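Below, chain A is the first sequence line, B the second, and so on; all start at residue 1. Note that this is a predicted model, so its numbers are computed, not measured.
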Amino acid sequence: MTDSVPENTPGSPEGFVEPAGYDPNAVERKWRERWAARAANRTDIAGARRPFYALMMFPYPSAEGLHVGNLFAFTGNDIYARFQRLQGLDVFQPIGFDAFGIHSENHALKLGVHPMELIPANIANFTRQLERAGLMVDWSRTVDTTHPSYYKWTQWVFLKLLERGLAFKKKAAVNWCPNDKTVLANEQVENGRCERCGALVEQRLLEQWFFRITDYAERLLANLDTLDWSNTTKTAQRSWIGRSEGAEIRFRVLNPLEDAGSAAVHVTAEVGSGAQEIRVFTTRPDTIFGATYVVVAPEHPLLDAITSFEQRAAVSEYRARTSRQDLIARKTNKEKTGVFTGSYTVNPATGEMMPVWTADYVLMEYGTGAIMAVPGHDERDFEFATKFALPIERVVVGPGENSRTPLREAFVDDGDGRLCNSEQFNGIPVGEAKGLVTDWLESKHAAKGVVNYRLHDWCISRQRYWGPPIPVIYCDACGTVPVPEKDLPVLLPNIPDFKPDDSGVSPLARHEEWYRVPCPACGKPARRETDVSDTFLDSGWYFLRYPSVGRDDVAFDAATTKKWLPVNSYIGGNEHAVLHLLYSRFLTMVLHDAGYLEFDEPFTKFRAHGMIIRDGAKMSKSKGNVVNPDDYFDGWGADTFRTYLMFLGPFEEGGDFRDAGISGVKSFLTRLWISARDSHTNGEPDRDVMRKLHQTIRKVGEDIPKLSYNTSIAAMMECLNVVRRGERVAHRAEVEPMVQLVAPFAPHLAEELWEMLGHTRSVFDSGWPAFDAALATQDTVTIAVQVGGKTRGTVVVSPEAGEAEVLAAVMADAGIAKFITGTPKKVIFVPKRLLNVVL
RNA sequence: GCGAAAGUGGCGGAACUGGCAGACGCGCAGGACUUAGGAUCCUGUGGGGCAACCCGUCCGGGUUCGACUCCCGGCUUUCGCACCA
């Protein structure tokens, strides 16, 4: 079974000689070599007449090698791509490597190997495994994000955003490990501690580069309606963008001098000069009459200016305490804390004085970084007000309540509440009141209606080594100067000491020879930007590059791009449902607006594949449940492994990996092999077998485009069971089309059998088998017979049989007729399916 | 807490638009051919009952001639997001 040596010797009984069996390793080696020699998978980019771009998310080439999760995704894409090729399209299925980033860098640090050595070795290993998997990938057009020929154009994309005013610098908080002296990504912080050394992580404010993706929020949201994407993905994007309508309300901060009886004379220097104003965002302007205090985030720029002398120590102590927390802990800590600033504002609706507090439950990055607190109708404000004894007012009543019903908890329902204790607005339903109150405040110049987004600008700075240097130069005379395009790429220098230090700036800053450059504008001494960019920028445009790989003069060629993009089909994991896909869409829109692209959405169709788990859990090294594809390639062959992975469950849902089921798939392929090998051309093919075959051709042709691979495989198995029933030897016409059907799943085997059947060209150039509806038609159908809704039996009739005919057949069947004890009240007849006699 | 998806035999999973629940595969049991079988083939396999039949798609209601599928309420699981004002 596992080798190609004939298993029966010539001297075996009856002179029967078992011909060569199915040896996957030999077959797969042969076709790998043949495909390579013929350049069978190379796409004619320029000459293609019916281009079809079948893209899969490119992998991060980890040192552990190809993960089954990767293989599952790639196989699913490959089947789709090969199917389209069998339909006669010119399919382009490229692959590349997303190899920059903190993950690679940390791994390199751990091993003590430089990433510039490590990454090529990993890529070589990945490439070997991917070739072994039999993917129809065009290896002449791969992309490696860490190669200067690629990141030159990543830097170019940055410059395009800078030109358009969409790249800017501002201070932002990062996670900082005081022990490792390094900036950490959110995923490197575990329970407030550094994942490597366990030290408590702090926040640090650093100047960082951002992309103004928020300018595109509305368009990113609106375009979703036009895309053929998995619904879960669209929903995730919508909630990530997080559009909410509300009002921005202004609160004047009272000058402490005006505060009757105050002794706070010394604070005048800070506060006395002119009226300070706090702007808040709220989705509930209707509750303005219930606002009893105002809270600003500890990072709010006005906090110092509005803090009174007496409260200074408390406020700065509080702010220091907040900044000592890492970004995650800050957001998960539920216990409310905060301090009074010593200032007051006026409620524009009631004219009442309201204290201004600072508290970390208000986040600087959302809205305006300040809120009006309405403890009666917001859970968080209620909790805070209760803890600090601040007033709680009811301004909305639910059904059965009145303005004096006590509030035991915040009443947050905005569905069928009506306003109360709100003067002229009393009795108005909440929904209606939102607009009316906003208009009223607007007329008093105290507010305006606004739309706010949860989405915030994209921080692309990384104070790290392993990424493309951000192509900017700082000159004392000229300011921030973009690196001229002719000077790209800004090469990442090969430095041995790439480990981050306690400076909070990239290791590149330690290399004067790299860091010091003449200003491109005036020639005077200047300094390079030492931050590198986020990996999401690398992956945000790679799909534009593939068809133009090899062009060194442009990022992507205009005519080629017009021909091949947008991507026809994109398949990838839902873990990238939000960031990668959103950033790619954003960059596409920007490049469209800049005149480089004719389309503004990159992926016409996107489907998220599921995840492969094992023993009910994600595969991970720590759990020891990782599957190494090499073992399965060697033991079962790539064709069996591919087909098995697709048979596990619905492609878009993933499945539970277990060794148990793989033998069934292997035996299916082996049996197909035997039937094809032994097929004959004597006489005519069997009518019933041909019917099943054509039903299968239809079914597989319908299921593959739906990515319903598991049911396609089941259908082919059924068909083969019919072909081989009772040890039948197949007629050639019965199995030949099956070789074409199975080709997307088991490409090596299909090629071998196709050749065995006498063809000289590749099975992938043979087209999809023709479906003959006449052959697929059933002569008879089995109709379920119910009496009073209970199934009592079946009758076999012609597909054209009408109700009367079927009823007659039913009455002729004593086993069913005995249940029909009276005169039928009603008979329900569904042609070809069911007859229900209701008594 | 919010959002999304999902609960079907011993197991992975099928089931069109509301129309025979359990396709296909694994596993299990029996058999054929064999020196042999991890090959191939045949038969059986949701539960109960000798049988006629009865019960069965997370739980409880409902709509319908008919519900895995639709509606209402609840439970559980997985995955996102998480003090979003």
Rounding to the closest angstrom, what is the interatomic distance between [N] and [M] at atom [atom1]?
N      : M      : atom1 : result
B/rG56 : B/rC68 : C1'   : 12 Å
B/rG25 : B/rA39 : P     : 15 Å
B/rC71 : B/rU63 : P     : 15 Å
B/rG27 : B/rC59 : P     : 30 Å
B/rG22 : B/rC28 : P     : 24 Å

Could a donor-acceptor pair under 3.5 angstrom be found where the side chain of A/Lys336 meets the base of B/rC83?
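A donor-acceptor contact between them is present.
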A/Arg724 side chain N/O closer than 4.0 Å to the phosphate oxygens (OP1, OP2) of B/rC41?
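A/Arg724 to B/rC41 OP1/OP2: side-chain N or O found under 4.0 Å.
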[X] near the nucleic acid: base, sugar-phosphate alone, or nothing, with a heavy-atom cut-off under 4.0 Å?
X        : result
A/Lys790 : sugar-phosphate
A/Thr232 : sugar-phosphate
A/Leu648 : sugar-phosphate

In residues 375-385 of chain A, what residues come within less than 4.0 Å of RNA chain B, judged by heavy atoms?
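Contacts with RNA chain B under 4.0 Å: A/Arg380.
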Just to verify, what does A/Ser675 make a side-chain hydrogen bond (donor to acceptor under 3.5 Å, both in side chains) with, not counting sequence neighbours?
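Expected list: A/Arg724.
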Suppose we screen for side-chain hydrogen bond (donor to acceptor under 3.5 Å, both in side chains). Which residues come up paired with A/Ser798, at least two apart in sequence or across chains?
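Testing A/Ser798 for side-chain hydrogen bond (donor to acceptor under 3.5 Å, both in side chains), a comparison that skips the adjacent residues, returns A/Glu800.
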Selection from [options] that lies nearest to any side-chain heavy atom of [X]:
X        : options                : answer
A/Asp360 : B/rC83, B/rC42, B/rG12 : B/rC83
A/Tyr366 : B/rC65, B/rC81, B/rA85 : B/rA85
A/Val362 : B/rA85, B/rG19, B/rG12 : B/rA85
A/Arg833 : B/rG12, B/rG19, B/rC83 : B/rG19

Please give the nucleotide sitting opposite [N] as a Watson-Crick or G-U wobble pair, both distances under 3.5 Å, or none.
N      : result
B/rG66 : none
B/rG56 : none
B/rC16 : none
B/rC50 : none
B/rG37 : none
B/rC2  : B/rG80
B/rG27 : B/rU45

Please list, for nucleotides 47-53 of chain B, all pairs of protein and nucleotide N/O atoms separated by less than 3.5 Å.
from	atom 1	to	atom 2	distance (Å)
B/rC53	OP1	A/Lys818	NZ	3.1

Identify whether the glycosidic angle of B/rG25 places it syn (within 90° of 0) or anti.
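The base of B/rG25 is oriented anti (glycosidic angle more than 90° from 0).
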Please answer whether the main-chain N or O of A/Ala746 pairs with a side-chain N or O of A/Arg642 as donor and acceptor at a distance below 3.5 Å.
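Judged by distance alone, no pair lies under 3.5 Å.
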Hey, does the side chain of A/Arg243 reach the backbone of A/Tyr453 with a donor-acceptor pair shorter than 3.5 angstrom?
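It does not hold such a pair.
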Can you tell if the side chain of [X] reaches within under 4.5 Å of the side chain of [Y], non-hydrogen atoms only?
X        : Y        : result
A/Phe819 : A/Val785 : no
A/Asp286 : A/Val395 : no
A/Pro824 : A/Val827 : yes

Grab the [atom1]-[atom2] distance between [X] and [N] for me, whole Å please.
X        : N      : atom1 : atom2 : result
A/Glu652 : B/rG13 : CD    : P     : 15 Å
A/Leu363 : B/rA82 : CG    : C1'   : 10 Å
A/Ile612 : B/rG12 : CD1   : P     : 14 Å
A/Ile820 : B/rC65 : CD1   : C1'   : 14 Å
A/His456 : B/rA82 : NE2   : P     : 8 Å
A/Leu720 : B/rU40 : CG    : P     : 11 Å
A/Met716 : B/rA14 : CE    : P     : 15 Å
A/Ile674 : B/rC33 : CD1   : C1'   : 14 Å

Contacts of A/Thr233 that satisfy side-chain contact (heavy atoms from CB on, under 4.5 Å) - sequence neighbours left out
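With neighbours one apart ignored, the set is A/Trp229, A/Ser230, A/Asn574, A/Ala577, A/Leu581, A/Phe606, A/Ala608.
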Within 45° cone and under 6.0 Å: A/Lys336 NZ/CZ vs A/Phe384 ring
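Judged by the rule, A/Lys336 and A/Phe384 form no cation-pi pair.
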Which residue, A/Thr358, A/Thr337, A/Thr341, forms the side chain to side chain donor-acceptor pair (under 3.5 Å) with A/Tyr318?
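Option passing the side chain to side chain donor-acceptor pair (under 3.5 Å) with A/Tyr318: A/Thr337.
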Between A/Phe536 and A/Tyr583, how do the two ring planes meet: parallel, tilted or perpendicular, split at 30° and 60°?
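Perpendicular.
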When the ring centroid of A/Phe647 is compared with that of A/Tyr709, is the distance short of 6.0 Å?
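Aromatic pair excluded; centres sit 6.0 Å or further apart.
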Below 6.0 angstrom between ring centroids: does that apply to A/Phe657 and A/Tyr644?
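Yes, close enough.
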A/Phe281 vs A/Val785, nearer the 5' end of RNA chain B by closest nucleotide
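Result of the comparison: A/Val785.
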How does each nucleotide of nucleotides 21-27 of chain B score, in 5' to 3' order, for protein heavy atoms under 4.0 Å: base (B), sugar-phosphate only (S), or none (-)?
S-BBSS-
Would you say the side-chain atoms of A/Thr322 and A/Asp360 include a donor-acceptor pair closer than 3.5 Å?
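Absent: no donor and acceptor within the cut-off.
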